[in-house]
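Each remark here refers to the structure printed beneath this line.
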Amino acid sequence: MTLQENLQVGAFHAKKGPFTIERIYELFDWMAPRRRQRVWQLSGGEQQAVAIGRALVANPKLLLLDELSLGLAPIIIERIYSLIPEIIAQGVSILVVEQDVAQGLAVADRVHCLLEGKTSLTGVPAEFTPEQVERAYFGAGLVATTSREGES
Amino acid sequence: MVWLNVLVQGILIGGFYALFACGLSLMFGVLKVINLAHGDMAVVAGYVAVFLTPHLHLPEVWSFLIVVPIFTLVGYVLQRTLIQKSIDRDPFTTLLVTFGLSVVIENLLLEIYSANGQTVNIGDLIAKSWHPASIIYVSYVSLGVLGVAVLVLFILQLFLSKTGTGRLIRAVADDREAAQLSGANYRHIFGIAASLAFATVALAGIAYGMMTQFAPTSGGVNLLFAFEAVVIGGIGSLWGTLVGGIALGIAQQFGAHINPQYQILAGNILFLVVLALRPQGLFGRRTSLA
């Protein structure tokens, strides 16, 4: 199926809201000229973007993004993350599952850190110290031996 | 001129094969179900046309006006009940269930209508033909069936590519889970695809009954030809199915011209050659129904 058809499928059961196919084309400016291209010919990051676009045209209240950065080039990840504030501004809540702590903390209003299935840290990212995050992320026992610089 | 006639007759019968096969192609492309009862469904459509339409004071030529809507409904209901239940178990179950359905249908028809051959009565139209050159006779019925096949494929293609529901059918065929994430109820979409397939098989059954005699056991051999047409053309490509059907028809006619015994053999050889050299079929693509 083509890029445009993917978005049309997403829009088929759409609720009324700010996102239309045109709006998605504004959000991802590379899409419009390539709308007739088949999606399986696109790169992994582009496919990821199409999947996000397809979810957005349905005008969801909540957008679930699982492992957004998995397998994608850093520049693509950055580009996708840069859109998140814009999407939130339209009134959509986003739940991101992310391994990249810095990336996650940068966009999140609230953070839950899960360690072995339990919440080890929860709250507003600005209130956390780097040590807190590190301990929550790796577990208390590891903190003594790990020193991570330039993160969070 | 003799060979030209062989070619023409091959194309004409190929149109019928394509009409017969496109429902099979649709069922496999979207539902991933190989409907072994496909041929028997066509035969049932023939029986319904023969035995129901006279009660409605309708000429049998127009029987499709009744039979196609009935089959559209039956297709949806059968999918949502029996076929969906077997899909939910595993692909092998769908083979067993449709095979069982095929046996049940054949024997029910034998029990009710006996093994006598039936035809859909179209009056003297059956004998009329266009005679463009010395030994070439183009039967109006066969030409009509070819025309219907092309029209049906055209409408199906248009429906799948231009309408929202058609797009959902292709989305479900491509990636069921992703389509579900986009809010598609795949069971309902499967039902729609099945009802389309059943509508085409009803047309094919009636067409068969107009062109020749059918009996309760006629389904099997036609199912085989439909399979070959789908595989030769490439699974999931509707126009490929037309080309596959015509290629099969031409091969059979050429075989029959050399020796009437070779008719089916020639078709099977073409089928095997295509399978060996181009397993994805002439028009097969990476993804289905793209």
Side-chain angles (χ1 to χ4, degrees), chain A residues 1-17 19-24 27-28 31 34-68 70-71 87 92-97, chain B residues 25-26 28-32 76 80 153-196 234-240 280-281 283-290:
Chain A
M1 303 234 291
T2 64
L3 197 165
Q4 170 143 323
E5 286 173 336
N6 262 272
L7 296 181
Q8 284 172 321
V9 166
F12 193 73
H13 289 291
K15 290 189 180 142
K16 285 220 178 309
F19 290 104
T20 59
I21 293 178
E22 297 312 312
R23 184 78 186 85
I24 299 298
L27 218 54
F28 302 92
M31 280 186 184
R34 297 168 66 182
R35 64 178 81 181
R36 307 231 173 272
Q37 207 168 344
R38 297 192 188 282
V39 170
W40 55 265
Q41 294 171 326
L42 302 179
S43 74
E46 287 164 346
Q47 290 188 9
Q48 189 81 282
V50 174
I52 293 171
R54 191 177 59 202
L56 280 177
V57 280
N59 285 303
K61 282 187 197 141
L62 175 66
L63 182 65
L64 305 175
L65 299 175
D66 187 16
E67 299 280 3
L68 193 56
L70 199 74
I87 297 169
V92 180
S93 305
I94 304 183
L95 177 65
V96 188
V97 176
Chain B
S25 180
L26 203 60
F28 185 71
V30 180
L31 282 70
K32 314 282 183 258
Y76 187 87
R80 291 305 296 264
L153 289 170
F154 181 74
I155 293 172
L156 271 182
Q157 192 74 50
L158 208 66
F159 178 76
L160 288 176
S161 56
K162 299 289 177 215
T163 67
T165 309
R167 265 194 302 273
L168 280 186
I169 290 178
R170 285 159 59 222
V172 170
D174 260 7
D175 188 335
R176 199 171 92 187
E177 286 185 354
Q180 276 181 285
L181 282 178
S182 304
N185 175 0
Y186 81 90
R187 290 188 169 85
H188 176 61
I189 300 295
F190 274 7
I192 292 172
S195 56
L196 287 175
I235 285 164
S237 163
L238 287 173
W239 290 117
Q280 75 273 38
F283 288 79
R285 298 205 192 120
R286 247 175 49 119
T287 51
S288 53
L289 287 173

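What you see is a predicted model; the values in this text were computed from it and never measured. We name chains A, B, ... by the order of the sequence lines, and we start the count at 1 in each one.
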- Nearest heavy atoms of R54(A) and S182(B), plus distance in Å: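 Between these two residues, the closest heavy atoms are NE-OG, 3.4 Å.
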- Message: Please give me the minimum heavy-atom distance between S161(B) and E5(A), naming the atom from each residue.
- Response: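 Between these two residues, the closest heavy atoms are O-OE2, 4.1 Å.
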- Identify which part of A178(B) has an atom lying under 4.5 Å from any heavy atom of chain A, answering side chain, backbone, both or neither.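 When you check distances to chain A, atoms from both the backbone and side chain of A178(B) fall under 4.5 Å.
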Atom [atom1] of [X] and atom [atom2] of [Y]: how far apart are they, to the nearest 0.5 Å?
X: L168(B); Y: Q8(A); atom1: CG; atom2: CD; value: 10.5 Å
X: W40(A); Y: D174(B); atom1: CH2; atom2: CG; value: 10.5 Å
X: R167(B); Y: L7(A); atom1: CZ; atom2: CG; value: 10.5 Å

